[in-house]
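Nothing here was measured: the structure is a model prediction, and the numbers come from that model.
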Amino acid sequence: MEDFLYSNKMFDNRIFKENNYHGFVGIAEVDITPPVGIYARNWGAAKYDQSIGNHNSLKLSCVTISQKLEETAMVMVSLDAGVWRSYEVRVRILNHILDYFSLPKENLVFCLTHTHAGPVLSDELDEKLGGEINRQYISILQDKIIEVIAASLDNRSLSIITWKYGKCALARNRDLYIKEENRYVTGFNPVKAADDTLLVGRIQDLITNKVKGVIVNYACHPTTLAWTNQLVSADYVGEMRNLIQNDLDCPVLFIQGASGELAPQYQYTDDLQIVKRNGKILGYAVLAVLEEMIPADQQMYFKNVVVSGADLAEWDFSEQELNRQLSADVVEVDFELKNMPTLQNIISTMETDIPRVEYEKLFRLKNLRIQFGDNNSAKISVWVWQIGDAILIGQQNEAYSDFQQKIRSALGEKCVLIGNLVNGSAGYLPPKELYDEDCYTVIQTPFAVGGLENLIEQTLSFIKRFK
């Protein structure tokens, strides 16, 4: 143990290199801020339906990756939005992307940043205040998605993505147990640890030697702005992005991690200064990781011993071997569903005189039934990409951070990007021990006990080949 802790004799400690990918990479970004007045009711406690203004810009970002320009690229998209409130809209948009660019299913990873202050992604809202704007917005959004992917494909150039881990204290555990009431509420829990892992990818053009884009993977609910807020906003993600772009002047693509139980300590407000504060916490952590990175095509090596008061280890730089491995796969995972009412029963109940909060819950449940049918189980896809020394795993549910921690532990030295809400949005995946508790994530999820553990087991089984 002493050797491991102090001298690392069991490893080659004379070489240091960072995880990388070498190939053709493109990145593009467009503004998709909606018109003022759009239907943006994302909270059951909200007293309003329409937005009255825009706080910061909503963005749509895209990274495209290939080994050769003539090859079909892998396409990664990030949209400032909460969830897909309409299953039909999601299927229509994603299928349009696949058809337009002739992509196989495994080559598209479409992420939502999960802001809770964005327009509702549904075209079934014409009877709501501002709802007719949402239908128009979705139509424009579909065109913008094609535009940003095409731009990213066009600007692909020979690049190196350097991957590096960091830490950020923005995310805190939000499952707070109230002993006197024997239930959990959703808010800051000061005594339970939270996963603070941050992963940053720096995309550097090999011709110009400039940073052309940044990928940020972090797990934390964007719930700073809540039910009293009436502004459309990308929440802390937008503020983080603005900070990085002020420094680097390049697009930033954000991937929401496994944040089922993670959220900021300071949240549920309409105070824009708190949003900025949360964005700065993450933004400065990202910038710190970027500053720590060594040059894109270099590694550090132990060069010499310099005799001084102590024998000093002199290090220098040399060219490193670059990783050109690139692959995309889809894994189907079986999930057992809870006992839920049928689609027809849900629709019938929605047509009765029920409280607004209950209507909102049924609206979401209806779309789950449309997605799953009246079945008691469902197959849900998991996307697994290898991008050099990094592995990206994307799935459409809101998994607890156990998922990313166990996957990262299994893959050792590789950098692991974990995406919640990838190519869809269904429900929470809390750990099985919470299923006996009065807890929102257990009540909300359509998945029966053991869903998270099953996802972890199936994913670990598939990724053995990457070790």
- [ ] Output yes when K59 and E29 qualify as a salt bridge under the 4.0 Å nitrogen-oxygen rule, no when they do not.
- [x] yes
TODO: Work out which heavy atom in I203 is nearest to a heavy atom in S159; give both atom names and the distance.
DONE: CG2-CB, 4.2 Å
- [ ] Please name the residue in the list V148, I145, L153 that meets the side-chain contact (heavy atoms from CB on, under 4.5 Å) test with C62.
- [x] V148
Task: Minimum side-chain heavy-atom gap V75-F101 below 4.5 Å - done: no
Open item on the list: Please evaluate residues L198 and Y165 with respect to the criterion side chain to side chain contact (heavy atoms under 4.5 Å, CB included), reporting the C-alpha separation (whole Å), side-chain torsions for both, the decisive distance (0.1 Å), and the verdict.
Closed with: CA-CA 6 Å; L198 167 67; Y165 279 122; over 6 Å; no
Task: L231 side chain near N54 side chain, heavy-atom distance below 4.5 Å - done: no
Task: Salt-bridge present (R369, D374; N to O < 4.0 Å) - done: yes
Open item on the list: What I want to check is whether the side chains of S86 and S122 have a donor and an acceptor closer together than 3.5 Å.
Closed with: no
Task: Presence of salt bridge, K379 and D334, under 4.0 angstrom - done: yes
Task: Electrostatic pair R172-D195, nearest N-O below 4.0 angstrom - done: no
Open item on the list: A side-chain contact here means heavy atoms from C-beta on lying under 4.5 Å apart; do V252 and S61 qualify?
Closed with: no
Task: Aromatic ring proximity, centroids under 6.0 angstrom, F110 and W84 - done: yes
Task: Flag for Q458-E453: side-chain donor and acceptor within less than 3.5 Å - done: no
TODO: Please determine, by modelled atom types, if Y21 and Q67 share a side-chain donor-acceptor pair under 3.5 angstrom.
DONE: yes
TODO: For the pair L176 and T186, evaluate side chain to side chain contact (heavy atoms under 4.5 Å, CB included) and give the outcome as yes or no after the intermediate values.
DONE: CA-CA 6 Å; L176 180 64; T186 304; over 6 Å; no
TODO: Run the salt-bridge test on R92 and D123 with the 4.0 Å N-O cut-off and return the result as yes or no.
DONE: yes
Open item on the list: Less than 4.5 Å apart, side chain to side chain, heavy atoms only: is that true for V331 and V384?
Closed with: yes
Open item on the list: Checking Q230 against D270: is there a side-chain donor and acceptor pair closer than 3.5 Å?
Closed with: no
Task: Verdict with supporting geometry, N56 and E239, side chain to side chain contact (heavy atoms under 4.5 Å, CB included) - done: CA-CA 8 Å; N56 51 28; E239 297 300 300; 2.8 Å; yes
- [ ] Check Y440, F447, F403, Y400 against Y428 for a ring pair (Phe, Tyr, Trp, His ring centres under 6.0 Å) and give me the one that passes.
- [x] Y440
Task: Cationic N near anionic O, under 4.0 Å, K432 to E336 - done: no
Open item on the list: Can you see whether E398 engages H221 through a side-chain donor-acceptor pair at a distance of less than 3.5 angstrom?
Closed with: yes
Task: NZ/NE/NH1/NH2 to OD/OE distance under 4.0 Å, K366 and E124 - done: yes
Task: Heavy atoms of other groups near K406 NZ, more than 12 under 6.0 Å - done: no
Task: Pair T113, D80: side-chain N/O donor-acceptor within cut-off below 3.5 Å - done: yes
- [ ] May I ask you to say whether D329 pairs ionically with R465, meaning some side-chain N is under 4.0 Å from a carboxylate O?
- [x] yes
TODO: Flag the pair D175 and K192 as a salt bridge only when some basic side-chain nitrogen lies within less than 4.0 angstrom of an acidic carboxylate oxygen.
DONE: no
Open item on the list: Can you classify the ring geometry of H116 versus W43 as parallel (below 30°), tilted (30 to 60°) or perpendicular (above 60°)?
Closed with: tilted
Open item on the list: Can you tell me if Y435 has over 12 outside heavy atoms packed within less than 6.0 Å of its OH?
Closed with: yes
Open item on the list: Could you check whether T224 and Q267, counting side-chain N and O atoms only, form a donor-acceptor pair closer than 3.5 Å?
Closed with: no
- [ ] Establish, from distance only, whether the side-chain atoms of S348 and N345 form a donor-acceptor pair under 3.5 Å.
- [x] no
Open item on the list: I'd like to know whether T33 forms a side-chain hydrogen bond (donor to acceptor under 3.5 Å, both in side chains) with D31, so could you lay out the CA-CA distance, the side-chain angles of the two residues, the decisive distance to 0.1 Å, and finally the verdict.
Closed with: CA-CA 6 Å; T33 306; D31 190 292; 2.8 Å; yes
Open item on the list: For the residue pair R41 and Y48, would you count it as a cation-pi contact if the rule is NZ or CZ under 6.0 angstrom from the ring centre and within 45 degrees of the ring axis?
Closed with: no
TODO: Report yes or no: do E261 and S401 form a side-chain donor-acceptor pair below 3.5 Å?
DONE: yes
